[in-house]
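The block underneath contains the structure these notes are about, expressed in structure tokens.
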Amino acid sequence: MTEASESLNFIEQIIEEDLANGMSKDSLRFRFPPEPNGYLHIGHAASICLNFGLGERYNAPVNLRFDDTNPAKEEQEYVDAIKNDIEWLGFQWATECYSSDYFQQLYDWAVELIKNGKAYVDGQSSEAMAEQKGTPTTPGVASPHRNQSVEENLELFEKMKNGEFEAGRYVLRAKIDMASPNMLMRDPLLYRIINKEHHRTGSEWCIYPMYDWAHGESDYVEQVSHSICTLEFKSHRELYDWFLDQIYDSAKLRPKQREFARRNLSYTVMSKRKLLQLVQSGTVSGWDDPRMPTISGLRRRGYTPESIRKFSEVSGITKRDSVTDVSLLEFCIREDLNKTATRVMGVVDPVKLIITNYPEGKEEMLIAENNPEDANAGTHEVPFSKEVYIEKEDFKEEAGNKFFRLTLGNEVRLKNAYIIKGESVVKDADGNITEIHCTADLDSRSGSGTEASLRKVKGTLHWVSIKHAVTAEVREYDRLFLDEAPDAHEDKDFMEFVNPDSLKIIKEAYVEPFLKQAKLNDKFQFQRLGYFTLDKDTTEGNLIFNKTVGLRDSWAKQKPAQPQAQNKPAANNQPQGQRSPINEIQKIAKKYTNLSGAKLEAARADIAKLAEKVEYDELEPLFNTAAKKVGTRIGVMISLGVLLKNGLERNDKIEAFIEAGLSDGNELLVAEAQEL
RNA sequence: UGCCCGAUGGUGUAACUGGCAACACGUCUGGUUUUGGUCCAGAAGAGUCUAGGUUCGAGCCCUAGUCGGGCAACCA
């Protein structure tokens, strides 16, 4: 299956256009520009996949450029983590670059700007400058230093660079337009003084360029053709272009900035600041806590690079903001792991089961398929004996016939072993079941080929032989937040939505001995439970498994009262705009003519109900609705009926509208008009 | 009160740039199955924010509105 007619996202379309307009394919070059002040998250993955994907698509180089212009926030630890994550995702950058590599060039260009009267040194307080900046609706006023002489500016800037001033004393500003409707054009800062060791340049510099000054010029130095960033930088584009204008040499390629929407994931937050807060407050164990939406967290949780790339691909690139449901991410990892994970058995919530007719002391090695999806995956052995653990929830003394598991008197198969039948239970003083006694059909061993082994029974259970069981710790994770968009509430802090039960630790789970050989990064499917991977906390003799994601579970959905209380909880108090009743009516009415029977009745009732809250003034303009939009006219007619019934006086416009309705070709409309 | 973006099933995206609104996830049926998984078959669900206009024809173009997001850090 090749691409039928693959559709391009809007960035690719822009590139195709540029190519069509004569840009050489060889001049395509991209970059991924993280600031090393935190770990990469699934949102960055979108940008990484986009940029590196473009590189692969056009066979063009992609630079990894660290945007390290603020030594107060940036650290080498983050540089290393970011590189590791990108490589893990399976991408290779052409050149590892740093904005700090260009500090000298940036400085030289800044001097040139000053000489050209395009920049000046300002010694006011940041408050004063903010004041002068004005507001989006009122123009700013010029700084008293705006027209300082070039010589004075040069001298001050030189002194700034030489460390003759304390931090914050002076800044270098571009001289653009204090009245621009774009706030960023009101003489933005180019340089500020920061007396901090830089992770790469050490104490060589004490003035550092601002993002806007550094970023576009870095793109230019690297001759990046398409500088792709997120939407909040849209208004920076004007500045980006202005800065380029100052230094641009037409013999060289001129980079262009284009913006796409950042990706949000439901039930989590996606800003480095907020993620850092989760880490620092101890809400999670670190940047790589398996509940974090970071690349490192997802990796530790058991996500594969393939699944994350697939997720990015499926999610697409656009300019509208959105919240992607985690279920899409979960689909991607299940899809990948289903094909690759080794099937094993483990019991998380055990109860003892004794096979009374199985010989005491007997042990057998049974054969277990490693992966039914992969014929070449091979098999491994599973030890079996008289006493096994099964999952507590797989047994009920009595149950309806929808319960495909073990009950007294019913048969089920123990996966890869025998068909057993529930006979009796042993309970403790409190009535808890401590043992389940069964008999096995000893001719029914899986794979033996006997007639009995081929019998069909309703259910199959996973199990672990008690004698051979290996104890393991299992960590199960739930969403970190109870709200779909925890940081979308103006009135509430996102921390208020932290899910107190997002981590469940099971200290004594039992797994089959095969798992003793498990290595970090191995992926397993605990049959009927979900996908698991070994956690890095594992030590010799103390296995720890992270649950990556559960299997799809159509049985859980049928169970009556779902404990899963937080499915779609407070999501409705979102600050979404309310539709007015008249808008609602229009919306319903629009599809009115497509309805029939009960649905039609319901729609009519909805409209009538909403009409109670509608003013005549809102309704009258809709009398002019085009004749072909019958649905809307019907809705208006129904609403009009309600208003008339409530005492509205008839006027010429109303009469004319009813008249027009009566002579319409649509029966429904005629009928409504006749009512009036 | 200014400027800039955006709006297509529940969710995320498509629609050859004006020609019967498609795909994936999710949901629901049924079948296969030694995983209530996978797989297979099928279904429901949007007339594309609203109104007007251009056109033989509009989700795509134009106008006006509505709603949502961004913009006033010595952050990036």
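Each chain gets a letter, A, B and so on, in the order the sequences are listed, and its residues count up from 1.
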Quantified in whole Å, what is the [atom1] atom distance between nucleotide [N] and nucleotide [M]?
N     : M     : atom1 : answer
B:C62 : B:G30 : P     : 49 Å
B:C40 : B:G45 : C1'   : 22 Å
B:U8  : B:C61 : P     : 15 Å
B:A58 : B:U50 : C1'   : 16 Å
B:A46 : B:A21 : C1'   : 9 Å
B:A73 : B:G9  : C1'   : 41 Å
B:G42 : B:A22 : P     : 16 Å
B:U27 : B:G10 : P     : 16 Å

What is the distance, to the nearest angstrom, from the [atom1] atom on [X] to the [atom2] atom on [N]?
X        : N     : atom1 : atom2 : answer
A:Phe10  : B:A14 : CZ    : C1'   : 15 Å
A:His199 : B:A76 : NE2   : C1'   : 13 Å
A:Ile14  : B:U17 : CD1   : P     : 17 Å
A:Glu232 : B:C75 : CD    : P     : 17 Å
A:Met185 : B:C4  : CE    : P     : 14 Å
A:Leu276 : B:A76 : CG    : P     : 16 Å
A:Arg186 : B:C74 : CZ    : P     : 14 Å
A:His198 : B:C75 : NE2   : P     : 13 Å

- Position toward the 5' end of RNA chain B (nearest nucleotide), A:Ser125 or A:Asp321: A:Asp321
- Note on the structure: 5'-most contact on RNA chain B (nearest-nucleotide basis), A:Leu8 vs A:Tyr211, goes to A:Leu8
So what's [N] paired with, Watson-Crick or G-U wobble, going by both distances under 3.5 Å?
N     : result
B:C3  : B:G70
B:G57 : none
B:U63 : B:A51
B:C23 : B:G12
B:U35 : none

Looking for any heavy atom pair under 4.0 Å, which part of the strands does [X] touch: base, sugar-phosphate only, or nothing?
X        : result
A:Gln13  : base
A:Thr324 : sugar-phosphate
A:Thr69  : sugar-phosphate
A:Ile317 : sugar-phosphate
A:Gln132 : nothing
A:Tyr191 : nothing
A:Thr318 : sugar-phosphate
A:His236 : base
A:Asn70  : sugar-phosphate

Side-chain heavy atoms of [X] within contact of [Y], under 4.5 Å:
X        : Y        : result
A:Tyr531 : A:Lys523 : no
A:Leu265 : A:Phe311 : yes
A:Ile207 : A:Phe157 : yes
A:Glu381 : A:Phe514 : no

Counting only heavy atoms from other residues, nucleotides and ligands, does the tally under 6.0 Å from [atom1] of [X] exceed 12?
X        : atom1 : value
A:Asn21  : CG    : yes
A:Arg262 : CZ    : no
A:Lys421 : NZ    : no

- Between the side chains of A:His215 and A:Gln257, is a donor N or O closer than 3.5 angstrom to an acceptor N or O? no
- Just by protein heavy atoms under 4.0 Å, how would nucleotides 24-39 of chain B read 5' to 3' in B, S and -? -S-SS-----BBBBB-
- Where does B:U34 land, syn or anti, once you apply the within-90°-of-0 test for syn? anti
- Glycosidic conformation of B:G69, taking syn as within 90° of 0 and anti otherwise: anti
If you check the [X] side chain, which of [options] turns out closest?
X        : options             : result
A:Ser315 : B:G2, B:U13, B:G12  : B:G12
A:Arg320 : B:A72, B:U13, B:A76 : B:U13
A:Asp325 : B:C3, B:G6, B:U11   : B:U11
A:Thr137 : B:C75, B:C3, B:U1   : B:U1
A:Lys319 : B:C5, B:C74, B:G70  : B:C5

- Query: Any idea which heavy atoms bring A:Lys339 and A:Asn371 closest together, and the distance?
  - Reply: O-ND2, 3.0 Å
- Counting only side-chain N and O atoms of A:Arg237, is one of them less than 4.0 Å from OP1 or OP2 of B:C3? no
- Task: Check whether any side-chain N or O of A:Arg273 sits under 4.0 Å from OP1 or OP2 of B:A76, and answer yes or no.
- Result: no
- Mutual orientation of the aromatic rings belonging to A:Phe532 and A:Phe526 [parallel < 30°, tilted 30-60°, perpendicular > 60°]: parallel
- Residue pairs fulfilling side-chain hydrogen bond (donor to acceptor under 3.5 Å, both in side chains) with at least one residue in residues 310-323 of chain A, sequence neighbours excluded: A:Lys310-A:Glu335
